[in-house]
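Here is the structure we will look at, set down as structure tokens.
Each chain gets a letter, A, B and so on, in the order the sequences are listed, and its residues count up from 1.
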Amino acid sequence: MLKIATWNVNSIRARLERAIAWLEKASPDIVCLQELKTSNETFPYDEIHAAGYHAAVYGQKTYNGVAILSRNEPTDVMVGLSDDVEDPQARLIAARIDGVNVLSVYVPNGAVVDSDKWIYKLAWYKRLHRYLSRRYTPDDPLLLCGDFNIAPDDRDVANPEKWAGSVICHADGRASLQNLINWGLVDTLRLHHVEQGPYSWWDYRHLGFPKNDGLRIDHILSTPAFAERCTDAMVDREERKGKKPSDHAPVLAFFE
DNA sequence: ATGGTTGCTTAGCAA
């Protein structure tokens, strides 16, 4: 059994106490983290190791930053998109764990449609597609996990009319994610849940969580052959409750 | 009443 999670923690240092408690409670085999908001030098390796996890980290001061935590040692750790674009933003880390290729990504948010950040977001999706197709085939065991900053369709949005046309729901962004999926990926949550919801992110602003104004933007995508082993997937909504939560809840998938 | 937050870094940016 493999239990994998993806979680945008919104600062690993601000979330450390909750993150350690969650690791001990949920005991996942692999966790992809996003928005560490810290450099490698200030990443809390000691506490993560003490909780029983290896940590492959691609940090950045203040913004972004991604990591992969695992019970077993990761090999072949690679960071960044490694293409011809000059890009200081730490948004991708890849590793091989127990024979599975695991990627943790933090796709740019895009701020406002047609802004520079939006252009960067759409370009980043194209670069990620090229990254995948150059390094892997859809026959490889691969899990692409992270904050994609896209709700794939209106089932993934509690208030679709409110969010229509936003950077999370815009048709061009959805097409960018779909293009990635068309390379050869399966949305593991939708293998097991086809109804409206669940959601993985609620804005701190505007009382998003109390009003359940949620969106599903965090995903565990699997290559098709490996997805056949996926027995369930879920969002740990409980982790969004209580004192000092991240604005994202962990998303999990289970493989036999 | 018609906004409401959080985190990092220190007034402003990002989400």
Q: Establish, for the pair A/Arg229 and A/Phe255, whether the NZ or CZ atom is under 6.0 angstrom from the six-membered ring centre and no further than 45 degrees off its axis.
A: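 Negative - A/Arg229 is either too far from the ring of A/Phe255 or too far off its axis.
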Q. What class does the angle between the rings of A/His248 and A/Trp201 fall in, given that below 30° is parallel, 30 to 60° is tilted and above 60° is perpendicular?
A.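 If you compare the ring of A/His248 with that of A/Trp201, the planes turn out tilted.
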(Q) Taking the minimum atom-to-atom distance to the side chain of A/Arg13, which one of B/dT9, B/dG7, B/dA15 wins? (A)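 The answer is B/dT9, which lies nearest to the side chain.
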**Q.** A/Glu35, nearest nucleotide to its side chain (from B/dT6, B/dA15, B/dC8)
**A.**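 When the side chain of A/Glu35 is considered, B/dA15 is the closest of B/dT6, B/dA15, B/dC8.
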Interatomic distance, [X] [atom1] vs [N] [atom2] [rounded to whole Å]:
X: A/Lys61; N: B/dC13; atom1: NZ; atom2: P; value: 17 Å
X: A/Trp201; N: B/dA14; atom1: CH2; atom2: P; value: 16 Å
X: A/Arg205; N: B/dT6; atom1: CZ; atom2: C1'; value: 9 Å
X: A/Phe209; N: B/dT6; atom1: CZ; atom2: C1'; value: 16 Å
X: A/Asn10; N: B/dT9; atom1: CG; atom2: P; value: 13 Å
X: A/Tyr204; N: B/dC13; atom1: OH; atom2: P; value: 21 Å
X: A/Asn8; N: B/dA15; atom1: CG; atom2: P; value: 11 Å
X: A/Leu207; N: B/dT2; atom1: CG; atom2: C1'; value: 12 Å

**Q.** Each stem that DNA chain B is part of, given as range with range (3 or more consecutive Watson-Crick or G-U pairs, under 3.5 Å)
**A.**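 Stems for DNA chain B, defined as runs of 3 or more consecutive pairs: B:5-8 with B:12-15.
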Inter-nucleotide [atom1] distance ([N], [M]), Å rounded:
N: B/dA11; M: B/dT6; atom1: C1'; answer: 16 Å
N: B/dG7; M: B/dT2; atom1: P; answer: 26 Å
N: B/dT9; M: B/dA14; atom1: C1'; answer: 12 Å
N: B/dC8; M: B/dG3; atom1: C1'; answer: 24 Å

Please determine if a side-chain N or O atom of [X] lies less than 4.0 Å away from the OP1 or OP2 oxygen of [N].
X: A/Lys37; N: B/dT6; answer: no
X: A/Lys117; N: B/dA14; answer: yes
X: A/Arg15; N: B/dT6; answer: no

In terms of side-chain geometry, is the basic nitrogen of [X] or [Y] positioned less than 4.0 Å from the acidic oxygen of its partner?
X: A/Asp156; Y: A/Arg190; result: yes
X: A/Asp213; Y: A/Lys162; result: yes
X: A/Arg127; Y: A/Asp87; result: yes

Q. Should A/Ser82 and A/Arg135 count as side-chain neighbours, where that means a heavy-atom distance under 4.5 Å?
A.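 Side-chain contact under 4.5 Å: yes.
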Q) Does A/Tyr199 sit in a hydrophobic cluster with other residues, and if so which ones, taking ILVMFWY side chains as linked at heavy-atom separations under 4.5 Å, directly or through other members? A)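 Its cluster partners, ordered by chain and number, are A/Trp202, A/Phe209.
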Q) Linking Ile, Leu, Val, Met, Phe, Trp and Tyr by side-chain heavy atoms under 4.5 Å, what else ends up with A/Met78? A)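 Under the 4.5 Å side-chain rule, A/Met78 groups with A/Leu81, A/Leu92, A/Leu103, A/Val105, A/Val107, A/Tyr120, A/Trp124, A/Tyr125, A/Leu128, A/Tyr131, A/Leu132, A/Tyr136, A/Leu142, A/Leu144, A/Phe148, A/Ile150, A/Leu177, A/Leu180, A/Ile181, A/Trp183, A/Leu185, A/Leu221.
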Q) Nearest nucleotide by nearest heavy atom, which residue falls closer to the 5' end of DNA chain B, A/Asp147 or A/Ile12? A)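 This one resolves to A/Ile12.
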(Q) Nearest heavy atom decides the nucleotide; on that basis, is A/Lys211 or A/His248 closer to the 5' end of DNA chain B? (A)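 That would be A/Lys211.
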